[in-house]
Number of protein chains: 2
Amino acid sequence: MEFLQVHIVISEELYTKNPESSELGKKIVSRSIEMIDELGFEAFTFKKLGKSIGSNESSIYRYFESKHMLLVYLLCWYWSWVEYKLVFATNNIQSKEEKLAAAINILTRKTDVDNSFSYINEIILNRIIIAESSKAYHTKDIDSENEKGYYSVYKRVVQRVSSMVTDINPDFEFPHMLISTVIEGAHQQRYFSKHLPSLTDVKEGKDTIVNFYTDLVFKVIT
Amino acid sequence: MEFLQVHIVISEELYTKNPESSELGKKIVSRSIEMIDELGFEAFTFKKLGKSIGSNESSIYRYFESKHMLLVYLLCWYWSWVEYKLVFATNNIQSKEEKLAAAINILTRKTDVDNSFSYINEIILNRIIIAESSKAYHTKDIDSENEKGYYSVYKRVVQRVSSMVTDINPDFEFPHMLISTVIEGAHQQRYFSKHLPSLTDVKEGKDTIVNFYTDLVFKVIT
DNA sequence: ACAAATATAATAGTATTACTATCAAAAAAA
DNA sequence: TTTTTTTGATAGTAATACTATTATATTTGT
């Protein structure tokens, strides 16, 4: 069985040496995803990662300037991947409403396996995005990093879906607020349902989160 | 002019020695709020705090077990204060809809000065809650800390407002999801409007965030 | 096949962090 | 005034988040 191999290109600003250019680089990325998930971002270190992949701390620093930049890289990779899924899933849908519903589904659903990108486990990556991504942009350096374009992919995803909202209702004044609320909200609800369930109303079986936010969006924009 | 002095009681689990029991303790709390705001939580240390208040690192450790526990303490104080404001603002409102609207206003508006609590600056505290609170519960220890009740005040606030939703529409299935989405969403939008404005549609002057979420809630529950 | 270039590994070192432990001095309570 | 409690000062530890240097592989060009 063959799979379509799609390539996600990440801005050069985010790494010192492109991790996709070598086996070691790919191992750094794939193993770091697993380790951040296992240990949490705080307890994760380049030293531990090096030991775990049979390499050296100093070699990892040749790919990523810091642990923070690695997280930003993963975030960027994740949102590029979501954008690809989004474009793929909404392409050729004629009905504006169906298109928006498909987009919201992509943004709020549980991530499933995707064999197009061999060395990255999207399910685990999704989990660390949910648990750790806020640590990437809740920094004192947010403004300068934003200027450098570190978050442009994420902003583009919000923009794409906001446009779908505006297509349906051109008079709706807050499409960006609505979509960023949905994206961040869906992530939070997944985290809460696991760790602080009294903040949610998630039921076993059906995907409450997708239904809740889909319903919310359509009610709010009309 | 005299002000009503209201006392917020914080669970003993959150501190080693009650910071309200001494001048030093109060200074630790009030100055830590300012310093976390200035430096960000990562760069803030007990050593720097000690130096800044003319005290010693070791003395601060006698009040708080760790920097993380100080943050949890501040979070708990903040939500206790919001709960007090909430009860105060919604008390005696007859109309269920007006009551909920008043509650959403409390949860989403910009914080203003409050002279009832002398040594805590609520405006700065609000800012650090917006920027840093996710770091408190995005930890590997979340489950055990949740069991110990560290987040019960926050959960109670969500519960209170969710009940108001259920009072209006007993058939609405997701009151907790809705209210936690609103609370966290409003915080995020305030952060985004300052640092990642393309994720929002905030306009100068009027309080877009309050209007957006008030409208959202009433549209969703009916 | 061999030199040159490049990538990786190993080691050491630095400043800082997040604490703990100990002891003395100061302040408050009995 | 004695005892207790609180604070301050100092020292120490293991770990973190790096940087710098040098040696050793590995790859590449000819």
Under 4.0 angstrom between B:S59 side-chain N/O and D:dG8 OP1 or OP2: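 It does, given that an N or O in the side chain of B:S59 lies less than 4.0 Å from OP1 or OP2 of D:dG8.
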For A:K51, side chain to side chain contact (heavy atoms under 4.5 Å, CB included) partners two or more places apart: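 Partners of A:K51 by the side chain to side chain contact (heavy atoms under 4.5 Å, CB included) criterion come out as none, since no residue qualifies.
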With A:T16 via side chain to side chain contact (heavy atoms under 4.5 Å, CB included) - residues at least two apart: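 Side chain to side chain contact (heavy atoms under 4.5 Å, CB included) check on A:T16 returns A:E65.
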Pairing residues for B:E34 by the salt bridge (charged side-chain N to carboxylate O under 4.0 Å, His left out) criterion, not counting sequence neighbours: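 Once residues adjacent in sequence are excluded, the partners of B:E34 under the salt bridge (charged side-chain N to carboxylate O under 4.0 Å, His left out) criterion are B:R31.
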Those residues that, when tested against B:E13, pass salt bridge (charged side-chain N to carboxylate O under 4.0 Å, His left out) (two or more places apart):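 For B:E13 there are no salt bridge (charged side-chain N to carboxylate O under 4.0 Å, His left out) partners, ignoring immediate neighbours.
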For A:Y191, all residues meeting ring-ring contact (aromatic ring centres under 6.0 Å, His included), sequence neighbours excluded: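 Residues passing ring-ring contact (aromatic ring centres under 6.0 Å, His included) with A:Y191: A:H195, B:H138.
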Sequence-distant partners of A:F46, ring-ring contact (aromatic ring centres under 6.0 Å, His included), two or more places apart: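 Scan of A:F46 (ring-ring contact (aromatic ring centres under 6.0 Å, His included), adjacent residues dropped) gives A:Y61.
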Which residue pairs pass the salt bridge (Lys or Arg N to Asp or Glu O under 4.0 Å) test when at least one of the two sits in [range], sequence neighbours left out?
| range | answer |
| --- | --- |
| residues 141-153 of chain B | none |
| residues 128-139 of chain B | B:E42-B:K135, B:E132-B:K135 |
| residues 77-90 of chain A | A:E83-A:R156, A:E83-A:R160, A:K85-A:D114 |

NZ or CZ of B:K27 within 45° of B:Y119 ring axis and under 6.0 Å: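 Checked: cation-pi criterion not met.
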For atom [atom1] of [X] and atom [atom2] of [N], their distance in whole Å:
| X | N | atom1 | atom2 | answer |
| --- | --- | --- | --- | --- |
| B:K26 | D:dT6 | NZ | C1' | 16 Å |
| B:I60 | D:dT7 | CD1 | P | 11 Å |
| A:Y61 | D:dC18 | OH | P | 4 Å |

Pull out every protein N or O sitting under 3.5 Å from an N or O of nucleotides 9-15 of chain D, one pair per line with the distance.
{"residue": "D:dA9", "atom": "N6", "partner": "B:S58", "partner atom": "OG", "Å": "3.4"}

Atom NZ of A:K194 with >12 non-hydrogen neighbours under 6.0 angstrom: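 Not buried by this count: 12 neighbours or fewer within 6.0 Å.
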Range on DNA chain C touched by chain A - first to last nucleotide, heavy-atom distance under 4.0 Å: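 Going 5' to 3' along DNA chain C, contacts run C:dA7 to C:dT11.
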Within residues 28-44 of chain B: residues closer than 4.0 Å to DNA chain C (heavy atoms):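 Within this stretch, nothing sits under 4.0 Å of the strand.
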Touch class at under 4.0 angstrom, heavy-atom based, for A:Y63 against every strand present: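 Sugar-phosphate: the residue A:Y63, judged by heavy atoms under 4.0 Å, touches backbone atoms but no base.
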Sugar-phosphate only, base, or nothing, as touched by B:E23 at under 4.0 Å among non-hydrogen atoms: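 Result for B:E23 = nothing.
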Residue closer to the 5' end of DNA chain D, A:K67 versus B:S22 (nearest nucleotide):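 Nearest-nucleotide comparison on DNA chain D picks B:S22.
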